[in-house]
Number of protein chains: 2
Amino acid sequence: MHRIEIVYCTRCRWLLRAAWMAQELLTTFEREIASLSLCPGDGGIFEVRVDGAAVWSRAADGGFPDIAELKRRVRDRVAPGRPLGHLDRSDAGPG
Amino acid sequence: MHRIEIVYCTRCRWLLRAAWMAQELLTTFEREIASLSLCPGDGGIFEVRVDGAAVWSRAADGGFPDIAELKRRVRDRVAPGRPLGHLDRSDAGPG
């Protein structure tokens, strides 16, 4: 069971996208997630962490994750080897 | 700064209402909340905890909280004495 955190900048008003991604991850990885925490931050932060390790950082990765790419990165930590269906296809594109 | 948890039954499909309440609380108590965690559970659980203490439990309180009542209970722990505007009026009713 894993712990996920999404830290988002409140002044940038990124709660809605953080909450959307939270629901996507909780739906896809329902049995692997012990808790998904939404954490208000500032300074333009948008970071997704699995068990404390950043799998997406706006500062390092540039911008926001495509939801398919985010699920692949989370999958690699919480359920490595599990197929994600169409999200794994190289021609899947975003979404 | 406070930690809030919402534990919800996945088999009952209560993620959406848990995520909605999460966003309501994060919006109202933006500066008081360090993290708001969504925690998948089972057995019909729906429980809201502030710093580990239950402020709403479906088992004990019966059913789901009115969002105004939930905000009052959370307010009493994270920002006691702060007015919540129309949510504090006795004639406010639910919402």
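Order of the sequence lines fixes the chain letters, A, B, ..., with proteins taken first and strands second; residue numbering starts at 1 for each chain.
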Novice: Working to the nearest 0.5 angstrom, can you tell me the gap between A:L38 CG and B:L38 CG?
Specialist: 6.0 Å
Novice: Any idea which heavy atoms bring B:P40 and A:L26 closest together, and the distance?
Specialist: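 In terms of heavy atoms, the two residues are closest at CG-CD2, 3.8 Å.
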Novice: What would the table of donor-acceptor pairs between chain B and chain A look like if you include every N and O pair under 3.5 Å, whether backbone or side chain?
Specialist:
from  : atom 1 : to    : atom 2 : distance (Å)
B:L36 : N      : A:L38 : O      : 2.9
B:L36 : O      : A:L38 : N      : 2.8
B:S37 : OG     : A:S37 : OG     : 2.6
B:L38 : N      : A:L36 : O      : 2.8
B:L38 : O      : A:L36 : N      : 2.8

Novice: Starting from B:I45, walk the hydrophobic network (Ile, Leu, Val, Met, Phe, Trp, Tyr; side-chain heavy atoms closer than 4.5 Å) and list everyone else you reach, by chain and number.
Specialist: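 Traced through the cluster, B:I45 reaches B:V7.
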Novice: How far does CD1 of A:I6 sit from CG of B:L36, to the nearest 0.5 angstrom?
Specialist: 12.0 Å
